[in-house]
Colleague: 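After the structure tokens below, expect a handful of questions from me.
Model, not experiment: these values are computed from the prediction. Numbers restart at 1 for each chain; the letters A, B, ... are given by sequence-line order, proteins then strands.
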Amino acid sequence: MKLPLTYYRGENVIKIAKDLIGKRLVTHFNKQLTSGVVVETEAYSFVEKGCHAYKGMTPRNAPMFEPGGISYVYLCYGIHHLFNIVTNGKHRADAVLIRALQPLEGEKHMMKRMQTQTIKRLTSGPGKLTRALGITLAANAMSLRSAQLWLEDGLWSGDIEAKTRIGIDYAGEDALLPWRFMAKDNGWISK
DNA sequence: TACGTGATCACG
DNA sequence: GTGATCACGTAA
């Protein structure tokens with residue numbers, strides 16, 4: 001079952017980021033179905049300095065200010081596309097960064113996109129999983145209940161660890177918030 | 001640890 | 001227009 005809009009429009013992005021662990025992320029671009037279990041996420045909220053929306057709306061972060069249930073994809077370091085799930089209500093610009101997946105379906109397509117012969121660490125990082133699943137800027141601001149991109153309930157359950165977020169030293173004391181969530185003892189975590 | 005890579009945004 | 005910056009990944 002695709003996750004309902006009400007799921008994404010919840011007000012607590014931290015709770016949603018934690019709950020997304022174990023859900024299934026699916027893409028269906030160019031008739032290639034690929035999916036994975038979400039095993040690592042990070043929460044970002046407009047109230048703190050780590051978030052792109054902290055200083056207000058710009059052309060890039062505009063999707064974050066829409067009601068939850070759409071994607072926010074942007075190019076990082078000129079190379080990597082990063083995929084976020086927009087949550088909360090209109091003008092309450094929260095989002096969850098998907099940092100790692102455990103591959104589930106379409107590994108062949110993923111390996112081809114990654115130009116590798118091995119499944120090892122195929123989707124273990126925010127820049128890698130977008131490439132493996134074919135997520136580009138064309139998927140920015142797209143509905144998360146579309147025919148090409150969606151999330152489903154998972155059957156997974158297990159322990160979840162919380163740690164500080166990666167790569168946001170510029171956020172000062174907000175970099176210390178324990179808003180990164182990981183499936184405990186899962187081999188598909190980033191780095 | 002070092003650096004490629006190019007869009008983005010705050011300046012004038 | 002310009003320049004500093006960046007929610008990464010790989011190699012060394």
Side-chain angles (χ1 to χ4, degrees), chain A residues 8 12-18 20-21 23 25 36 38-66 68 70-88 92-103 110-142 144 149 151 160-183 186-191:
Chain A
Y8 298 108
N12 188 340
V13 68
I14 302 160
K15 187 175 146 208
I16 296 172
K18 187 172 178 184
L20 279 166
I21 302 292
K23 298 290 190 282
L25 173 63
V38 177
V39 296
E40 182 175 350
T41 63
E42 282 178 358
Y44 288 90
S45 176
F46 65 99
V47 299
E48 48 88 18
K49 294 197 277 294
C51 183
H52 285 177
Y54 178 68
K55 289 187 244 175
M57 186 160 59
T58 67
R60 180 179 67 161
N61 68 22
M64 291 186 72
F65 289 79
E66 295 296 314
I70 65 172
S71 64
Y72 166 44
V73 182
Y74 70 96
L75 187 63
C76 183
Y77 296 106
I79 308 170
H80 311 287
H81 297 280
L82 268 58
F83 172 71
N84 294 261
I85 290 166
V86 175
T87 69
N88 212 333
R92 309 204 44 95
D94 294 348
V96 178
L97 171 69
I98 304 300
R99 285 193 59 87
L101 301 176
Q102 177 169 341
M110 297 192 208
M111 287 189 281
K112 177 144 193 202
R113 286 168 175 153
M114 297 298 280
Q115 299 188 308
T116 177
Q117 318 260 355
T118 172
I119 196 173
K120 201 176 165 211
R121 318 217 23 91
L122 195 57
T123 49
S124 299
K128 294 167 73 176
L129 71 91
T130 53
R131 187 173 159 203
L133 268 63
I135 297 172
T136 66
L137 288 179
N140 188 29
M142 183 178 280
L144 296 177
L149 175 64
L151 283 107
I160 295 174
E161 279 185 290
K163 292 273 171 56
T164 55
R165 295 171 294 176
I166 302 288
I168 55 162
D169 292 344
Y170 60 86
E173 74 270 17
D174 288 337
L176 301 175
L177 296 168
W179 286 7
R180 175 164 61 115
F181 300 98
M182 290 166 289
N186 184 286
W188 296 91
I189 299 302
S190 68
K191 256 172 199 157

Colleague: Give a yes or no on this: more than 12 heavy atoms of other residues, nucleotides or ligands lie within 6.0 Å of atom CZ of A/R92.
Modeller: no
Colleague: Just how far, in rounded Å, is P of C/dA7 from CZ of A/R99?
Modeller: 11 Å
Colleague: Can you measure A/H81 atom NE2 to B/dG6 atom P for me and round it to whole angstrom units?
Modeller: 11 Å
Colleague: Measure the distance between the ring centre of A/Y44 and the centre of the six-membered base ring of C/dA7, then answer whether it is under 5.5 Å with planes under 30°.
Modeller: yes
Colleague: If only atom types and distance count, is the side chain of A/E42 paired as donor or acceptor with the main-chain N or O of A/V96 below 3.5 Å?
Modeller: no
Colleague: Just to confirm, is there a sub-4.0 Å distance from OP1 or OP2 of C/dC8 to any side-chain nitrogen or oxygen of A/R131?
Modeller: no
Colleague: Measure OH/A/Y77 against P/B/dA2 and give the value in whole Å, please.
Modeller: 15 Å
Colleague: Summarise how protein sits on nucleotides 7-12 of chain B as a single string, 5' to 3': B when a protein heavy atom is under 4.0 Å from the base, S for sugar-phosphate-only contact, - for no contact.
Modeller: -SS---
Colleague: Quickly work out the A/Y54 OH to C/dA7 P distance and round it to whole Å.
Modeller: 15 Å
Colleague: Considering non-hydrogen atoms only, spot the tightest contact between A/M64 and A/D94 and give its length.
Modeller: CE-C, 4.0 Å
Colleague: Represent DNA chain C in dot-bracket notation, 5' to 3'. Only Watson-Crick or G-U wobble pairs with both distances under 3.5 Å count; pseudoknot-style crossings use [ ] and interstrand partners use |.
Modeller: ||||||.||||.
Colleague: Provide the closest heavy-atom pair for A/I135 versus A/V73 in the form atom of the first, atom of the second, distance.
Modeller: CG2-CG2, 4.0 Å
Colleague: Hey, does the Lys NZ or Arg CZ of A/R99 hover above the aromatic six-ring of A/F83, less than 6.0 Å from the centre and inside 45° of the axis?
Modeller: no
Colleague: So, applying side-chain hydrogen bond (donor to acceptor under 3.5 Å, both in side chains) with A/N186, which one of A/E161, A/Q102, A/E40 is it?
Modeller: A/Q102
Colleague: The side chain of A/K128 is closest to which nucleotide in this list: C/dG9, B/dG4, C/dC8?
Modeller: C/dG9
Colleague: Taking A/Y72's backbone N and O only, do any of them form a donor-acceptor pair with A/N84's side chain (distance below 3.5 Å, no angle check)?
Modeller: yes
Colleague: Give a yes or no on whether A/K112 atom NZ has more than 12 heavy-atom contacts from other residues, nucleotides or ligands under 6.0 Å away.
Modeller: no
Colleague: Taking the six-membered ring for Trp and the single ring otherwise, decide whether the centroids of A/F46 and A/H52 are under 6.0 Å apart.
Modeller: no
Colleague: Measure from CD on A/Q115 to P on C/dT10 and round the result to the nearest Å.
Modeller: 12 Å
Colleague: Are A/H52 and C/dA7 close enough that a side-chain N or O sits under 4.0 Å from OP1 or OP2?
Modeller: yes
Colleague: Tell me: CD1 of A/I79 to P of B/dC3, nearest whole Å?
Modeller: 14 Å
